[in-house]
2 protein chains.
Amino acid sequence: MNSLGYTLLSMLVRKPCSGYELKGYLELFWQAHHSQIYPLLNKLEKLGYVVYISENDPIHKKIYSITDEGKEFLQEWIQGKTAKPITRDEFLGKLYAISIIDPKRVEELFQERQAYFQKLATIHKKTLDEIDEQFGADLTGEGWESSFGRYLICKRRYDMDLAELEWCQWANDQYRQKFNNKNFSN
Amino acid sequence: MNSLGYTLLSMLVRKPCSGYELKGYLELFWQAHHSQIYPLLNKLEKLGYVVYISENDPIHKKIYSITDEGKEFLQEWIQGKTAKPITRDEFLGKLYAISIIDPKRVEELFQERQAYFQKLATIHKKTLDEIDEQFGADLTGEGWESSFGRYLICKRRYDMDLAELEWCQWANDQYRQKFNNKNFSN
DNA sequence: TTGACCATGTAATTTGTTACATGATTTC
DNA sequence: GAAATCATGTAACAAATTACATGGTCAA
């Protein structure tokens, strides 16, 4: 099984989910396409690590639940070595060449970046508030344990969004100062 | 050409580099293997977007330089749509299931995470200091323009390292509080 | 009735990872 | 003289992306 497969199992510890839901939750720290998720869930099901209960649920929606065997399998992975986090950021790839980018385009790139993370920050703040509302900010609500991991991860993501926004402002300011002083040329 | 290929071009705007160097610089925001980088550089060379000057340089080291055609090609990419940043984080994949992880292992996971980002923060701080030293903190040194992009990216990375470390401390504290209160069970 | 979102799947292609291969240099 | 780091390459395999394919729901 690959890392994404284990991660799907990990997310099913919190609550039974459909592939579509998993894709959404996953976006906090792992962007996966549905074309990866659905086949993996089918594989996990064949292996007996998840079961699906399509019961009375609307139309063609498959809610997966982790099995005890799935939990054991997951534990083995959790005990093993943890791979380093991976990032790939095209914006930064472009920014590397900032000295030869048209100033209008630079401003545009920063603006797009800020808008993107502003949107994410808003979404993640809302999610955090919802978790607090559901379980109580003093962490006393029922079922809290199973959502604790997601809560920590969501908080991290929100913190990172804010750090990214702060950096954006700083970097854009630096650029403007630089540009006004020396006019950059090149 | 793919995003990594364009990003390599972008990095060559700053200064001529070997594939090995590029791999190192890239690690700030894009983790690529040498088995991707070397073939891409050969491809870019065949297309005339980079040239290599192995001249008097030690043994088998190939220093690549971007051409004017390469810069034009790069500009087209920079003008186009920017793909969203990608992250994949196994640690967070494990953390999702924190409610069923042995507390000792949880502490270990947090410790490893902190050590990892502490190490990165130290490296990135050092790199930032070197850039400041080389060009002057008031951004007046010669050749500053071409390293400005790298400077911004390096600062971002350092900020993110610190944010990650702060979150780690917060999250570990939350976990300990939670664990001491309710003993988590499960 | 159009567009956004929910919902799942497969196939073709591209990208990324791991393994195979080699060899020099530097530091301890 | 052993280990780490510098340095480049290819091949086999695994994973991710994009395209193809289908169909339901809900709100403006």
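Each chain gets a letter, A, B and so on, in the order the sequences are listed, and its residues count up from 1. Because the structure is a prediction, the values reported are computed rather than measured.
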In plain terms, say whether B:K84 and A:E90 are close enough for a salt bridge, that is, a side-chain N and a carboxylate O under 4.0 Å apart. no
So salt bridge (charged side-chain N to carboxylate O under 4.0 Å, His left out) across residues 157-167 of chain A, not counting sequence neighbours, yields A:R113-A:E164, A:K155-A:D159, A:R157-A:D161, A:E164-B:R156
I need the residues from residues 79-89 of chain B with at least one non-hydrogen atom less than 4.0 Å from DNA chain D; give them sorted by number, or say none. B:I86, B:R88
Spacing between A:I37 atom CD1 and D:dT17 atom P, to the nearest angstrom: 11 Å
Rounded to the Å, how far apart are A:L26 CG and C:dA7 P? 16 Å
Close approaches to DNA chain C from residues 15-24 of chain A, in residue order (heavy atom, under 4.0 Å): A:S18, A:G19, A:Y20
Roughly what angle, to 10°, lies between the helix axis at the start of the helix from C:dT1-D:dA28 to C:dC28-D:dG1 and the one at its end, five pairs per end? 50°
What integer distance in Å separates A:E45:CD from C:dT8:C1'? 14 Å
Which atom names give the shortest non-hydrogen contact between B:V50 and B:L9, and what distance separates them? CG1-CD2, 3.6 Å
Would you tell me if any nitrogen or oxygen in the side chain of A:N2 comes within less than 4.0 Å of OP1 or OP2 on D:dA15? yes
Using whole Å, what does the distance between atom C1' of nucleotide C:dA12 and atom NE2 of A:H33 come to? 15 Å
Rounded to whole Å, please give me the gap between CG in A:L40 and P in C:dT8. 14 Å
Determine whether the side chains of A:K94 and B:T82 contain a donor N or O and an acceptor N or O closer than 3.5 Å. yes
Under a plain distance cut-off of 3.5 Å, with no hydrogens placed, do A:R14 and A:S147 share a side-chain donor-acceptor pair? yes
Qualifying residues under side chain to side chain contact (heavy atoms under 4.5 Å, CB included), relative to B:S65, sequence neighbours excluded: B:P16, B:V51
Give the rounded distance in Å between these two atoms: NZ of B:K61 and P of C:dT26. 11 Å
Tabulate atom names and distances for all N/O pairs under 3.5 angstrom spanning the protein and nucleotides 9-12 of chain D.
unit_1 : atom_1 : unit_2 : atom_2 : d
D:dG9  : OP1    : B:K62  : NZ     : 2.3
D:dG9  : N7     : B:H34  : NE2    : 3.4
D:dG9  : O6     : B:H34  : NE2    : 2.8

Residues A:A121 and A:L165: closest non-hydrogen pair is CB-CD1, 4.2 Å
If hydrophobic residues (ILVMFWY) are linked whenever their side-chain heavy atoms come closer than 4.5 Å, directly or via other members, who joins A:M160 in its cluster? B:M160
Side chain to side chain contact (heavy atoms under 4.5 Å, CB included) partners for B:D129, two or more places apart: B:K125
What residues form a side chain to side chain contact (heavy atoms under 4.5 Å, CB included) with A:A97, not counting sequence neighbours? A:I100, B:S10, B:V13, B:L74, B:I78
Could you check how far CD of A:E27 sits from C1' of D:dA16, rounded to whole Å? 15 Å
Can you list the residues that meet the ring pair (Phe, Tyr, Trp, His ring centres under 6.0 Å) rule with B:H34, with sequence neighbours excluded? B:Y38
What residues, two or more places apart in sequence or in another chain, satisfy ring pair (Phe, Tyr, Trp, His ring centres under 6.0 Å) together with A:F73? A:Y6, A:Y49
Could you state the CD-C1' distance from A:Q31 to C:dT15, rounded to the nearest angstrom? 16 Å
Mind checking side chain to side chain contact (heavy atoms under 4.5 Å, CB included) for B:E108 and listing every partner two or more places apart, or none if nothing turns up? B:R105, B:E112
As a quick check of understanding, evaluate side-chain hydrogen bond (donor to acceptor under 3.5 Å, both in side chains) for A:R150 and A:Y25, giving each step before the final call. CA-CA 9 Å; A:R150 177 162 169 80; A:Y25 291 139; 5.8 Å; no
